[in-house]
Amino acid sequence: MPYVGVGAQKRAAESLCGPPMLKVYLSMALGVFLTVLVALLGKYHSENPSIQPRPETLEDYHSQVANKLSDNINAENIKEYLRVFTREPHVAGTENNKKVAHAIADLWTTIGLEDVRLIPYDVLLSYPNWDQPNKVFIKNGAQTVFESTGVSPVIIPDEQSGKYAGHQWVAWAAPGVVTGEVVFCNRGHEADFENLKKMGVSVEGKIALLRYGDGFRGDKVKIAQDYGAIGAILYSDPADVATDGTDQSHVYPNTVWMPNEGVQRGSIMHGDGDPLTPLYPAKTEIYKSRTIEQAKKARVIPTIPVLPISYTTAWQIISRMKGRPVPKPWQGGLNVTYRTGPGLNNGLTLTIDVKSELKSRKIRNVIGYIRGRDEPDRYVILGNHFDAWVYGSIDPNDGTAILSEVARSMVATMNQTGWRPARTIIFMSWDAEEFGLIGSTEFVEEFLDVLQKRAVVYINMDCMTGNRSLMVNTVPALYDVAVSAAKTITNPSKSEIDRGRKTVFDTWLKYWPDSKRKGRPLMPVPGGGSDHAPFLTYAGVPVIDFSYNNASKKDYALYHSLYETPFVNEHLLDPDHFAFHKAVGQMWGELARRFADEVILPFNVTDLAATIMKVYMQDLRNAINPLMYFKEAISDAKQQLTNLGTAATEFYTVASQFNTTITLARSAFEQNPYDPRHVNAINERIMGIERCFINPRGMAGAPQSRHVLFSISSKDSYSGLEMASVFDAVAAFSAAKSAAEREEAGRELAQQISIVQYSVMCATNILRDHI
Ligand SMILES: *[C@@H]1O[C@H](CO)[C@@H](O)[C@H](O)[C@H]1NC(C)=O
Ligand SMILES: *[C@@H]1O[C@H](CO)[C@@H](O)[C@H](O)[C@H]1NC(C)=O
Ligand SMILES: *[C@@H]1O[C@H](CO)[C@@H](O)[C@H](O)[C@H]1NC(C)=O
Ligand SMILES: *[C@@H]1O[C@H](CO)[C@@H](O)[C@H](O)[C@H]1NC(C)=O
Ligand SMILES: *[C@@H]1O[C@H](CO)[C@@H](O)[C@H](O)[C@H]1NC(C)=O
Ligand SMILES: *[C@@H]1O[C@H](CO)[C@@H](O)[C@H](O)[C@H]1NC(C)=O
């Protein structure tokens with residue numbers, strides 16, 4: 001490929017059209033630098049088309065490209081793209097969302113991404129009845145005392161007047177009219193229902209009133225259904241979404257807190273991907289292995305009517321409830337004493353009327369490429385979804401706009417300098433994420449083998465929800481690259497810079513310090529709730545899921561509401577020239593560049609080994625030690641734990657030695673940059689290690705959850721867990737009621753520890769160059 005020549009011409013053409021003087025100077029400097037490289041490399045070029053810059057200039061070359069990419073991120077473009085993508089409400093499977101898919105594809109094509117196209121799937125989705133909103137009624141006999149409107153009012157007409165935009169609904173709710181006594185179930189955790197039981201309050205045959213927050217809404221509904229609820233209401237409590245008060249001056253549009261009639265929409269499906277084609281892609285020609293009835297039976301789709309309400313509507317219910325006052329921690333922010341129920345005072349009755357239907361619809365992922373110069377079959381994948389509950393100016397389209405600008409800045413850099421990434425960068429815009437990660441799950445199912453062989457990393461940025469700090473969820477081998485990338489990004493916050501925190505990293509470390517590792521921010525295991533999940537837990541592709549947020553649990557009160565329109569981004573979250581949006585783009589681009597350009601893939605295998613050996617082993621010992629009392633039943637597990645410890649130590653030793661192998665390969669490359677075989681062998685092993693942790697059989701009862709180290713919590717789908725199968729077995733052992741049960745649980749625990757050990761041994765073997 002004529003990597004240098006063509007680019008050099010384009011650079012000359014583009015540097016004429018008016019960037020500020022400093023930039024012209026810098027781009028000329030880079031131009032001159034690259035021209036020198038061209039001259040140096042030129043004579044080898046015809047013999048070897050996949051040439052790297054000379055190693056002694058490689059560091060310079062990388063930092064020049066990094067600076068150029070970073071400078072090219074233009075905040076005004078992000079602002080403009082955000083407006084384009086959020087013109088209309090665009091729920092997955094609708095005509096409006098199809099338009100957004102095409103708008104993204106058109107933009108990406110214009111920008112100059114290669115092979116931009118749509119990848120369709122036929123999936124099951126769920127919608128309300130747009131003509132008859134969902135409602136709550138409080139009645140006194142036949143007389144209606146209160147009736148909710150079911151529709152949030154428009155506050156900024158220019159941005160929010162789309163048809164049906166205000167409808168309050170959650171996807172996958174069963175249709176139905178239910179009258180019953182209401183029970184206040186707090187957050188809807190299992191512990192809350194158990195607590196109610198102890199207080200003598202049963203949810204059986206009742207309507208569960210569930211407070212949003214601290215967990216995935218679908219889990220709350222599933223648990224309520226398991227405890228026998230015949231209907232459920234999800235509400236936002238002012239203590240979570242309007243903490244400074246619910247009067248006008250303290251809520252949207254004056255602040256980012258939830259206004260009186262604001263409602264959080266969302267999915268309540270349990271499980272990811274198209275519910276009718278588990279483990280296989282929902283292509284037109286692929287058989288739908290599951291029926292809707294089977295999906296309900298499997299508890300993937302709920303069987304009870306559910307609707308979401310505002311705190312203003314919730315007050316109508318809560319202020320009329322009878323029963324004992326709730327336990328103190330359950331009391332929320334409304335100006336009444338919360339009571340458990342069941343039921344309302346004075347013989348009032350509560351009715352919920354939910355209208356919904358399941359529909360087969362076409363969804364479309366958008367894909368676009370920048371093909372790699374040297375290793376076109378190694379993929380660095382960047383992704384974000386584009387479907388939204390309403391306008392989605394935060395979730396997800398600030399991410400979509402930023403992703404598009406990252407793409408543009410890369411192509412602009414190519415046009416200006418002749419740079420082309422060594423590995424392929426793929427841009428993905430996912431559809432139907434909101435309904436249960438459907439677009440990404442179907443894609444991973446369709447291209448599983450190719451992804452396992454070729455994907456280096458998947459970098460997800462769902463949305464930027466706040467302006468306080470970077471937040472990164474990732475796997476141990478990628479801790480280092482996340483940290484070193486963040487250290488290069490200038491802090492978008494002027495007040496933070498004034499406090500001496502010059503980079504994004506400095507603020508990140510301040511708000512998310514890791515108590516176990518001084519000097520390093522906390523990077524949790526990636527959980528569910530966004531499109532990285534199928535890549536990690538099904539395919540074993542390592543992921544980085546990052547965001548900018550408020551570094552607090554009570555972040556982002558407008559989540560999934562009608563009020564997520566560009567006004568929030570422009571006037572509340574990021575009024576200073578979209579500085580935070582821009583920094584997120586710079587971080588994304590820099591991460592991508594490192595994975596795409598560095599000679600040795602930026603994975604720290606020693607960090608993975610150290611984390612298993614030190615952190616995970618210790619967590620496991622702490623969990624198992626109390627069970628040692630059951631000498632007989634635990635003895636196999638105890639032995640396996642010792643074996644795992646030995647295997648982990650060996651992995652660590654071999655990983656540390658691998659460092660030497662890397663150094664040797666690097667110096668071989670430096671001596672002869674035209675023979676990439678040594679470094680290719682290293683990179684192949686690095687990728688192989690991550691795949692070792694996939695157990696093709698999956699977790700018990702969860703064949704889609706295949707990563708033995710990382711999985712999604714079955715109790716809270718938003719959280720990531722380490723070694724869930726092992727810890728589940730520990731829990732089963734603790735819960736065993738007889739010697740026979742304990743013996744069986746002990747064997748299961750031993751087996752689960754042994755599976756982890758098997759994966760660790762696989763990783764050790766991959767690192768070694770002999771069997
Ligand atoms: C309590 O809150 C409700 C709902 O926001 C409001 O209508 C009512 O006036 C408040 N009552 C008092 C005493 O503040
Ligand atoms: C890069 O150059 C191509 C070809 O001239 C052009 O179509 C594309 O719009 C350019 N992209 C950017 C981002 O400059
Ligand atoms: C952001 O976090 C700070 C401190 O944690 C808190 O005081 C503030 O209310 C939060 N703001 C939002 C909008 O969440
Ligand atoms: C950050 O967001 C808050 C709202 O959460 C806003 O009040 C504040 O002005 C923003 N800060 C900056 C520097 O843009
Ligand atoms: C990789 O991680 C190990 C262990 O945490 C650390 O000692 C080492 O410095 C890291 N290697 C690099 C190249 O950063
Ligand atoms: C691996 O090598 C690099 C430099 O080649 C060094 O910085 C790092 O500390 C080494 N890590 C270990 C664990 O030996």
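Atoms within a ligand are numbered from 1 in the order they appear, just like the ligands themselves. Excluded from the calculations below are hydrogen atoms, water molecules and symmetry mates; all remaining heavy atoms, backbone and side chain alike, are included.
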* Asked: Does ligand 5 have an atom under 4.0 Å from some heavy atom of Arg517?
  -> yes
Min over Asn549, Asp574, Leu572, Asn467 of heavy-atom distance to atom 11 (N) of ligand 4 lands on Asn467
From the list Arg520, Lys487, Arg517, salt bridge (charged side-chain N to carboxylate O under 4.0 Å, His left out) partner of Asp480 resolves to Arg520
Margin query: Using only atom types and a distance under 3.5 Å, with no angle test, would you say the side chain of Arg423 pairs donor to acceptor with the backbone of Phe595?
Written below: yes
Which of Ile544, Asp545, Leu536 passes side-chain contact (heavy atoms from CB on, under 4.5 Å) with Thr474? It is Ile544
Give a yes or no answer on whether the side chain of Arg768 reaches the backbone of Thr764 with a donor-acceptor pair at less than 3.5 Å. no
Among Thr606, Leu608, Val605, Asn604, closest by heavy atom to atom 2 (O) of ligand 5 is Asn604
Only one of Met523, Met587, Met471 passes side-chain contact (heavy atoms from CB on, under 4.5 Å) with Phe546, and that residue is Met587
Which of Leu608, Val541, Val605 passes side-chain contact (heavy atoms from CB on, under 4.5 Å) with Glu690? Answer is Leu608
Rounded to the nearest 0.5 Å, the CG atom of Asn345 sits from the CG atom of Asn140 at a distance of 11.5 Å
A student comparing Asn335, Leu334, Ile318 should find that the heavy atom closest to atom 10 (C) of ligand 1 comes from Asn335
Atom 14 (O) of ligand 1: any protein heavy atom closer than 4.0 Å:
yes
Under 4.0 Å from one or more heavy atoms of Leu573, ligand 4 contributes atoms 1 (C), 2 (O), 10 (C), 14 (O)
Ligand 4 to Pro575, heavy atom cutoff 4.0 Å, flagged ligand atoms 14 (O)
For ligand 5 and Asp607, I'd like to know whether there is a polar contact (N/O to N/O, distance under 3.5 Å). yes
> Looking only at N/O atoms, are Asp480 and ligand 5 under 3.5 Å apart anywhere?
Replying inline: yes
Atom 3 (C) of ligand 1: closest protein heavy atom, distance to 0.1 Å, is Trp315 CE2, 3.5 Å
